[in-house]
There are 2 protein chains.
Amino acid sequence: MRIGEAAAAAGMTTKTLRFYEDSGLLPAAKRSSNGYRDYHDDSVARLEFIRRGRAAGLALTQIREILSLRDAGEAPCAHVQDLLSNQLAELDHQISELMALRSIVAGLHATAASGTDASCDPEQICSYL
Amino acid sequence: MRIGEAAAAAGMTTKTLRFYEDSGLLPAAKRSSNGYRDYHDDSVARLEFIRRGRAAGLALTQIREILSLRDAGEAPCAHVQDLLSNQLAELDHQISELMALRSIVAGLHATAASGTDASCDPEQICSYL
DNA sequence: CTCAACCTTCCCCTACACTGGAATGTCAAG
DNA sequence: CTTGACATTCCAGTGTAGGGGAAGGTTGAG
């Protein structure tokens with residue numbers, strides 16, 4: 001199958017497939033006689049795996065690690081479990097940071113909303129912020 | 001005061017101050033006879049304002065808007081209140097997205113943790129992901 | 001024959017907020 | 001005199017995940 005078909009099957013663009021090949025996420029596709037990339041169903045499965053990983057918030061470098069392990073013949077499941085574990089911790093961290101930020105901003109907003117025009121002095125640069 | 005002092009006082013690098021000047025967040029500093037930038041305490045206050053804005057998660061473009069209003073002599077408080085309001089909505093959105101992602105990843109992690117070695121087939125590319 | 005729809009490589013561009021480094025100038029201390 | 005710590009400008013790169021578009025080759029249909 002040609003790149004356009006493979007891309008459509010995986011819900012990506014042809015640009016993305018070439019980018020993944022350049023990035024080492026996809027092995028270099030074999031070429032037809034006309035020089036066109038020729039993909040097998042396996043490639044689509046691999047692309048879908050990448051898609052699922054991205055949807056889980058994994059970075060391409062992490063997905064590349066998983067695929068490299070697998071390509072080396074190792075079962076990457078333990079590694080994947082580690083990654084997911086880290087990812088979970090990372091998400092918890094991000095969420096708590098954002099919630100802390102939210103409470104700061106909410107406080108600022110409340111203060112700003114309660115300010116009178118008198119307190120809003122151009123010289124003060126919004127001192128509550 | 002020279003750029004290094006001002007930067008230290010504001011907890012930034014000299015690179016950052018020059019960057020802010022280029023970006024229109026700081027007015028062009030007046031120069032000493034040797035060509036060095038010469039900062040006043042006001043600049044440090046302004047830098048600290050920028051820092052607080054950044055800490056509140058505002059983008060430099062938003063901070064620039066606030067400062068521009070103030071520089072134009074308008075009290076920017078109403079605008080700041082709008083920005084904070086939007087920022088709050090944005091944070092809520094980000095938090096809910098991250099929490100949704102977290103529950104997906106938690107599910108994947110639980111599945112991965114429950115997998116036996118037998119289910120961990122190198123050919124399967126960790127089918128649970 | 002021609003046209004549209006594919007494909008190829010190549011290089012640059014995006015947003016964000018800086019950061020690094022080169023080449024050069026200034027100044028106070030030892 | 002020299003050394004070291006400052007300062008200046010300017011250009012280029014960082015990381016992320018591709019996107020835009022040029023210039024050209026290939027193929028099937030009408």
Side-chain angles (χ1 to χ4, degrees), chain A residues 1-26 28-40 43 46-67 83 87 90-91 94 97-98 101, chain B residues 1-26 28-40 43 46-67 83 87 90-91 94 97-98 101:
Chain A
M1 115 181 54
R2 290 185 304 183
I3 194 171
E5 281 177 86
M12 299 168 173
T13 68
T14 60
K15 282 280 191 189
T16 302
L17 264 66
R18 295 194 194 96
F19 172 70
Y20 284 173
E21 183 176 316
D22 288 348
S23 309
L25 286 147
L26 274 184
K30 59 173 190 277
R31 303 300 181 110
S32 305
S33 56
N34 55 13
Y36 289 7
R37 285 173 182 79
D38 188 20
Y39 291 95
H40 191 257
S43 301
R46 195 178 176 105
L47 287 168
E48 283 167 349
F49 174 80
I50 297 173
R51 254 171 62 76
R52 289 194 301 274
R54 294 277 303 133
L58 298 179
L60 290 185
T61 53
Q62 298 178 307
I63 296 171
R64 181 164 42 225
E65 282 178 25
I66 300 171
L67 290 171
L83 280 177
Q87 179 68 1
E90 178 76 14
L91 284 171
Q94 283 182 27
E97 294 252 303
L98 281 182
L101 179 55
Chain B
M1 127 182 41
R2 289 184 304 181
I3 194 170
E5 281 176 87
M12 300 170 173
T13 68
T14 61
K15 283 279 190 187
T16 301
L17 265 66
R18 294 194 193 96
F19 171 71
Y20 284 172
E21 183 177 317
D22 287 348
S23 308
L25 286 147
L26 276 184
K30 58 173 189 279
R31 304 299 180 111
S32 305
S33 56
N34 56 12
Y36 290 6
R37 286 173 181 80
D38 187 21
Y39 292 95
H40 191 257
S43 302
R46 194 179 176 103
L47 287 169
E48 281 166 352
F49 175 79
I50 296 174
R51 255 172 63 75
R52 289 194 301 275
R54 294 279 301 137
L58 297 179
L60 290 184
T61 53
Q62 298 179 307
I63 296 171
R64 180 164 44 223
E65 281 178 28
I66 299 172
L67 290 171
L83 281 177
Q87 180 68 3
E90 179 77 14
L91 283 171
Q94 283 181 26
E97 295 249 306
L98 280 182
L101 180 55

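Values reported hereafter were calculated over all heavy atoms of this structure, with side chains retained and with hydrogens, waters and symmetry mates removed. Chain A is the first sequence line, chain B the second, and so forth, proteins listed ahead of strands; every chain is numbered from 1. Model, not experiment: these values are computed from the prediction.
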Picking from [options], which would you name as closest to the side chain of [X]?
{"X": "B:Thr14", "options": "D:dA17, D:dA7, D:dT8", "answer": "D:dA7"}
{"X": "B:Lys15", "options": "D:dG21, D:dA17, C:dT19", "answer": "C:dT19"}
{"X": "B:Leu60", "options": "C:dG25, C:dC18, C:dG20", "answer": "C:dC18"}
{"X": "B:Tyr36", "options": "C:dG25, D:dG18, C:dC18", "answer": "C:dG25"}
{"X": "A:Ile3", "options": "C:dT9, C:dC7, D:dG19", "answer": "C:dC7"}
{"X": "A:Arg54", "options": "D:dA17, C:dA17, C:dT8", "answer": "D:dA17"}

What integer distance in Å separates [X]:[atom1] from [N]:[atom2]?
{"X": "A:Lys30", "N": "C:dC7", "atom1": "NZ", "atom2": "C1'", "value": "17 Å"}
{"X": "A:Arg18", "N": "C:dC6", "atom1": "CZ", "atom2": "P", "value": "13 Å"}
{"X": "A:Met1", "N": "C:dC7", "atom1": "CE", "atom2": "P", "value": "12 Å"}
{"X": "B:Arg64", "N": "C:dC18", "atom1": "CZ", "atom2": "P", "value": "12 Å"}
{"X": "A:Arg2", "N": "D:dT27", "atom1": "CZ", "atom2": "P", "value": "9 Å"}
{"X": "A:Phe19", "N": "D:dG20", "atom1": "CZ", "atom2": "P", "value": "14 Å"}
{"X": "B:Asp22", "N": "C:dC16", "atom1": "CG", "atom2": "P", "value": "17 Å"}
{"X": "B:Ile50", "N": "C:dA17", "atom1": "CD1", "atom2": "P", "value": "12 Å"}

Report yes if a side-chain nitrogen or oxygen of [X] is closer than 4.0 Å to either non-bridging phosphate oxygen (OP1 or OP2) of [N]; otherwise report no.
{"X": "A:Arg31", "N": "C:dT9", "result": "yes"}
{"X": "B:Tyr20", "N": "C:dC18", "result": "yes"}
{"X": "B:Asn34", "N": "C:dC27", "result": "yes"}
{"X": "A:Arg37", "N": "D:dT26", "result": "no"}

Check whether any side-chain heavy atom of [X] sits under 4.5 Å from a side-chain heavy atom of [Y], and report yes or no.
{"X": "A:Tyr39", "Y": "A:Leu26", "answer": "yes"}
{"X": "B:Arg64", "Y": "B:Leu67", "answer": "no"}
{"X": "A:Ile63", "Y": "A:Tyr20", "answer": "no"}
{"X": "B:Ile66", "Y": "B:Phe49", "answer": "yes"}

Sugar-phosphate only, base, or nothing, as touched by A:Ser23 at under 4.0 Å among non-hydrogen atoms:
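Nothing, no nucleic acid heavy atom in range.
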
Can you tell me how far CZ of A:Arg18 sits from CD of A:Glu21, rounded to the nearest 0.5 angstrom?
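Separation between the atoms: 9.0 Å.
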
